[in-house]
Amino acid sequence: MELYQILCSITVVFLIFYYFFTSTFDFWKSRGIRGPRPMPGFGTVKNVLFGKITLGNYLRKLYNDYENESLIGIFFMKTPILIVKDPDLIKNIFIKDFSTFANRVVTVHDKAEPLSQNLFNLELKRWRPLRMKLSPIFTSRKLKEMFSMISECADHLVDYTEKIVNKNEPIECLELMAKYTTDVIGTCAFGIEINSLSTENNEFRRIGKNIFYQPWTDLLRTKIKHFSPWFYDILGYILPDTEVTKFFTRLVVDTMDNREKNNIVRHDFIDMLRKLKKHADKMNDINFTNSFIAAQAFIFFAAGFETSSTTMANALYELALNEKIQDRLREEIDEEYINSSCLTYDNINKMNYLEKVFKETLRKYPPSLFFTRKSQSSYTFNGINVSIPENQIIWIPVLALQRDPHIYPEPDVFDPERFNEEAVQNRHPMFFLSFGDGPRNCIGARFAIYQVKIGLIKILRNYKVEPCEKTEIPYNLNEKTFIISPKNGIHLKITKINRT
C-alpha cells in the first residue's frame, strides 16, 4: 500500500511538472502559425541551450526552413516567441504601429542592476522624454563640433599602428580598434584623455572588456536575472554593486562635480546629463539619481566603443581578403585628400564607395543577431489575420534577413555594390536593419558612422592590410558574446604605404 501511494505521488508530481512545462505548447498551433515542435522543459531551443548551435545560426536555420512563412512560432523553454520575417510586418512593428511595440524585451532592475535603467532598456514612459532630451547631442551640428577630436584620436591610432607594424608580426585588429574607439568615446563623451592606445592595462579598456566578456560573478547574476527576475530584484538589496557599476557611477559623479566646481563647460554628453539633472523637475516620470545618470553614460560608452570597433575590424578583415575592393577604396580616399587640403566632415560624405563598404560590412556582420519587441496590447497583423495578445515577445532576425540569398545573392560574398543606388531602391528598406529603424532606432548611429569611417580612412590612407598565417578563414563566430564578433580576434598583416 505504501509503495502504491509513493508511485501515485510520483505520478502526480510528474503530471504537474509535465503540465507546467507544456501548458503553452498549443499557443502557435491555435493561431495557425507554423514552427518546430517543442520539447517539455526546453521548448524549441534545446540545441541552443546545450551549445550545439549558436542562437544566430539557429535563427538562420529557422528562417530558411520556413522559407515561405511570414511568421514563425517558437518556444524559449515554455515562453512563446514570435519570429517576424515579412518586411512589411516588420515595418509596421518598427514604424507604423510603433506605439504598440515601443518596448524592448528587457527587464530594468533599478536596485539590483542600476546601469540597466539606460535609454536602450527603458520602458516607453521613461524612454520617450529621455530620448527627446538626449537626441540633440547626436545631431550633424554636434558631430561637426566633435570631428576634430575624433580625427585626433584617429591620428593617434595611425601613430600607434606604426609602432606595432615595425615589429613585423601579425596584428590583432579587434583589440587595436577597440582601443581607438575607447579613446574616441572618452574624449567626445566624457572629456577625458583616456590614452588606451599608449597605456598598457588601461582601466577604461579593462572595464570595457568586462562589459562584454563578463567575469563569472557577473555571469551568475545574469543567469539569475534571466530565470528569476523577481528573485533578482530581492537580491538587489543584498548584493554589492558590480565593478562596472561602481566605475561608471564614480566616473560620472566625479566628472560632473569637477565641472560644477571649476565652472567647466564642454557641451558634450556629460554636460547634457548635467543639464537634465538640473531641470529634472520638468520630467516627472524620471528620478534623476546618480545611478540613473551613470546608466546613460554607461550605455553610450558600451554601445559606442564595442560595436564600432568590431565593425572596423570586420571591415579590415574583408578588405584584406578582397584586395581589389581595398585598392578601389584607397583610390577614393587618396582622391579626396588630393582635392582637399585635409580631411573634413564634408568630404567624408563625398566618399560614396566608403559608404558602400561600410554598409556591406554591417550587412554581413550586423551588431545584433536580432531585435526584440513586446506588444503593449493585443494586436492583429494586417493582411494575414493573425492576432497576438498583450506582452507577446517578438524577435526580428536581423542576421538571417541580411544573409537571405533571395535578397542578397551569395550572401557570404563581400560585395559593396549591393548598396549602389539602383540596388537600394529596388530592395525593401527593412532588409537592412543594422541600426534598427523607426523611433527606437540607434540614437548614436551618426556618431558611430563617423568614428568608424574616420578611423578606416586614416588607416587605409597609410597602411595596406593583408591576410596572414594567423588569419582565420572562414570567419569564426564567437558564441559567447551577444554581438557578432570573431572568436579568436582578427589577425592581419599590416604594412606601411610609402608615399613619395
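Within the 3.5 Å criterion, the main-chain N or O of Thr310 finds a donor-acceptor partner in the side chain of Asn314. Formation of a donor-acceptor pair under 3.5 Å by the Asn420 side chain with backbone atoms of Glu417 is found in this model. For the pair Ser116 (side chain) and His109 (backbone), a donor-acceptor distance under 3.5 Å is present. Looking at Thr361, its side chain never comes within 3.5 Å of a backbone N or O of Thr311 through a donor-acceptor pair. Under the 3.5 Å distance criterion, the side-chain polar atoms of Glu332 are matched with a main-chain donor or acceptor of Tyr353. Judged by distance alone, the side chain of Asn103 and the main-chain N or O of Leu124 form a donor-acceptor pair under 3.5 Å. Distance alone, capped at 3.5 Å, places no donor-acceptor pair between the Thr307 side chain and the Pro367 backbone. Remark: the backbone N or O of Pro80 is paired with a side-chain donor or acceptor of Gln392 at under 3.5 angstrom. Side chain of Glu113 to main chain of Thr107: no donor-acceptor pair is present (N/O by atom type, distance under 3.5 Å, no hydrogens or angles). Panel note: side chain Ser375, backbone Pro389; a donor-acceptor pair is recorded below 3.5 Å.
In this structure, Arg31 is positioned above the aromatic face of Phe27, its NZ or CZ under 6.0 Å from the six-membered ring centre and within 45° of the axis. Geometric assessment of Arg403 against the ring of Tyr365 yields a positive cation-pi assignment under the 6.0 Å and 45° thresholds. Annotation: cation-pi geometry satisfied between Arg427 and Phe419 (NZ/CZ under 6.0 angstrom from ring centroid, within 45° of ring axis).
Heavy atoms only, all atoms of each residue included: Pro366 and Val398 are closest at CB-CG1, 3.8 Å. Considering all non-hydrogen atoms of both residues, Arg126 and Asp110 come closest at NH1-OD2, 3.6 Å. Annotation for Ala295 and Asn118: closest pair O-CB, 3.3 Å, computed over non-hydrogen atoms. A pairwise comparison of heavy atoms in Ile348 and Tyr450 identifies CG2-CE2, 3.7 Å as the closest pair. Residues His267 and Ile137 approach most closely at O-CD1, 3.7 Å, considering heavy atoms. Counting all heavy atoms, side chain and backbone alike, Ile72 lies closest to Gly35 at CG2-CA, 4.1 Å.
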Evaluation steps, side-chain contact (heavy atoms from CB on, under 4.5 Å), between Tyr63 and Leu59: CA-CA 6 Å; Tyr63 185 96; Leu59 292 177; over 6 Å; no

Working note: Met312 + Ile459, criterion side-chain contact (heavy atoms from CB on, under 4.5 Å); need CA distance, chi angles, decisive distance, verdict. CA-CA 10 Å; Met312 290 181 70; Ile459 285 291; 5.6 Å; no

Verify side-chain contact (heavy atoms from CB on, under 4.5 Å) between Ile150 and Phe447, making sure each step is shown before the conclusion. CA-CA 10 Å; Ile150 301 174; Phe447 182 87; 4.2 Å; yes

Applying side-chain contact (heavy atoms from CB on, under 4.5 Å), run through Asp86 and Met430 and close with a yes or a no. CA-CA 9 Å; Asp86 183 88; Met430 293 299 111; over 6 Å; no

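To the nearest 0.5 Å, atoms CD1 (Ile396) and CZ (Phe101) are separated by 9.0 Å. With rounding to the nearest 0.5 angstrom, the OH atom of Tyr379 is 8.0 Å from the CD1 atom of Ile388. Put simply, CG on Asn382 and CG on Asn92 are 5.5 Å apart, with the number rounded to the nearest 0.5 Å. Considering CZ of Arg60 and CG of Asp404, their distance stands at 9.5 Å, rounded to 0.5 Å. Note: Cys442 SG to Leu119 CG = 9.5 Å, rounded to the nearest 0.5 Å. A distance of 3.0 Å separates OG1 in Thr44 from OH in Tyr58, rounded to the nearest 0.5 Å.
No more than 12 heavy-atom neighbours from other residues, nucleotides or ligands sit within 6.0 angstrom of CG on Asn385. For CD of Glu472, the number of neighbouring non-hydrogen atoms (other residues, nucleotides, ligands) closer than 6.0 Å is greater than 12.
The pair Lys359-Glu355 meets the salt-bridge criterion, since a charged nitrogen lies less than 4.0 angstrom from a carboxylate oxygen. With salt bridges taken as basic N to acidic carboxylate O contacts below 4.0 Å, one links Glu145 and Arg141. Using a 4.0 Å cut-off between charged nitrogen and carboxylate oxygen, Asp327 and Lys324 do not count as a salt-bridge pair. The pair Lys142-Asp271 fails the salt-bridge criterion, with no side-chain N (NZ, NE, NH1 or NH2) lying under 4.0 Å from an Asp/Glu carboxylate O. A salt bridge is absent between Glu336 and Lys453: the closest approach of a Lys/Arg side-chain nitrogen to an acidic carboxylate oxygen does not fall below 4.0 angstrom. A salt bridge between Asp233 and Lys111 is absent, with no side-chain N of the basic residue lying under 4.0 Å from a carboxylate O of the acidic one. The pair Lys85-Glu69 does not count as a salt bridge, with every side-chain nitrogen at least 4.0 angstrom from each carboxylate oxygen.
Counting heavy atoms from C-beta outward, Val424 and Phe432 have side chains that stay 4.5 Å or more apart. Contact annotation: the side chain of Leu316 never approaches that of Ile490 to less than 4.5 Å [non-hydrogen atoms, C-beta and beyond]. Between Asp437 and Phe98, the closest side-chain pair of non-hydrogen atoms is not below 4.5 Å. The side-chain heavy atoms of Ile293 and Leu276, taken from C-beta on, include no pair separated by under 4.5 Å. At a threshold of 4.5 Å between non-hydrogen side-chain atoms, the residues Val386 and Leu82 do not count as touching. Arg363 is not listed as a side-chain neighbour of Asp415, based on a closest heavy-atom distance of 4.5 Å or more. Two residues are said to be in side-chain contact when any heavy atoms from C-beta on lie closer than 4.5 Å; Gln296 and Met272 fail this criterion. Taking the side chain as every heavy atom from C-beta outward, Tyr475 and Lys364 never approach each other to under 4.5 Å.
Between Phe147 and Tyr345, the angle of the ring planes goes over 60°, which puts this pair in the perpendicular group of the 30/60° scheme. In this pair, Phe248 and Phe190 present their aromatic rings tilted. The plane angle is within the 30 to 60° band.
Checked against the 6.0 Å centroid criterion, the rings of Phe42 and Phe50 qualify as a close aromatic pair.
Of the options Phe138, Phe120, Phe305, a ring-ring contact (aromatic ring centres under 6.0 Å, His included) to Phe300 is made by Phe138 and by none of the others. Each of Asn322, Leu319, Leu456 was checked for a side chain to side chain contact (heavy atoms under 4.5 Å, CB included) with Leu329, and the lone residue meeting it is Leu319.
Side chains of Ser291 and Gln117: a donor-acceptor N/O pair is present below 3.5 angstrom, by distance only.
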